[in-house]
Amino acid sequence: MVAIVGLMWSAPAIPLAPWVSGAVAPVLGWFLIPVASFMVPVFAIRSVPYSRRKLAWQVFLPLVIGSVLGFVAQGAGEDAALKERGRWADAKVVAVKNENSHKTARCTLQKLNGQAIKPELEETHGCEDGVERGDTLRIRYDPLEVASPEDEHWEPGSYGAAIAVLATLFVAFGTWGCVRMSRQVP
């Protein structure tokens, strides 16, 4: 659990190598660590007769909570990165991807001096309907190009309570599920 929070928070907050923050962190934080927390009890109950494995669903809840914890921790890390090293700038929309589809719209931005801003601005962060190529937006961006940019309405969020509640639920439900399953072992 600490690995989920630490890795997902540190990927955008501490500028890690691009291959770590771009590919490894989401795979570990959103998938592998929660799946491992689910699979350990499942493999531990292999010796339990099939008719008594009906309680195995109880370890599924920590899997879901762990995945949500990964998303929240990444959001906290991106906010921390933008708060600490982010810069405000006026940016011109160079291109809008997926604007007429059901996929998330993404705006390719560049500063007024022509310097590209990466990564792209997502729909939920300011690339809403009505934003077109050539528009100028006020954004906060990460000069190290790790954290996603935000529009002018961005304010740093408070994730401490959400992470604490999710971590507590993760431990509580994981312990509860494993204890209930171990009581069923003959």
Inset, instruction - May I ask you to list the residues sharing a hydrophobic cluster with L82, side-chain cutoff 4.5 Å, ordered by chain and number? - result: W88, W154

Inset, instruction - Search all heavy atoms of A73 against all heavy atoms of I163 and return the closest pair with its distance. - result: CA-CD1, 4.2 Å

Inset, instruction - Would you give the length of the straight line joining atom NE2 of H125 to atom CD1 of I139, rounded to the nearest 0.5 angstrom? - result: 12.5 Å

Legend entry - Heavy-atom pair of closest approach, residues A81 and A147: CB-CB, 3.9 Å

Inset, instruction - Could you tell me which non-hydrogen atom of P119 sits nearest to which non-hydrogen atom of S148, and how far apart they are? - result: CG-CA, 3.8 Å

Inset, instruction - Apply side-chain contact (heavy atoms from CB on, under 4.5 Å) to the pair R85 and D142, showing each step before the final yes or no. - result: CA-CA 6 Å; R85 65 178 184 263; D142 180 10; 2.8 Å; yes

Inset, instruction - Kindly state each residue pair satisfying salt bridge (Lys or Arg N to Asp or Glu O under 4.0 Å) with at least one member in residues 112-123, sequence neighbours excluded. - result: K97-E120, R106-E122

Legend entry - For K111, all residues meeting side chain to side chain contact (heavy atoms under 4.5 Å, CB included), sequence neighbours excluded: N113, Q115, I117, Y141

Inset, instruction - Check whether more than 12 heavy atoms from other residues, nucleotides or ligands sit under 6.0 Å from atom CD of E84, and answer yes or no. - result: no

Legend entry - Heavy-atom closest contact (G126 atom, V131 atom, distance): O-CG2, 3.9 Å

Legend entry - Interatomic spacing from OH in Y159 to CG in D79 - rounded to 0.5 Å: 4.0 Å

Inset, instruction - Rounded to the nearest 0.5 Å, what's the gap from CG on L169 to CD1 on I65? Could you check? - result: 5.0 Å

Inset, instruction - Hey, could you give me the CD/CZ distance between E152 and R140, rounded to the nearest 0.5 Å? - result: 13.5 Å

Inset, instruction - Can you see which heavy atom on A91 is nearest to which on L109, and at what distance? - result: CB-CB, 4.1 Å

Inset, instruction - Would you kindly confirm whether L137 and V94 end up in one hydrophobic cluster when ILVMFWY residues are joined by side chain heavy atoms under 4.5 Å apart? - result: no

Inset, instruction - Search all heavy atoms of D90 against all heavy atoms of R138 and return the closest pair with its distance. - result: OD1-CD, 3.2 Å

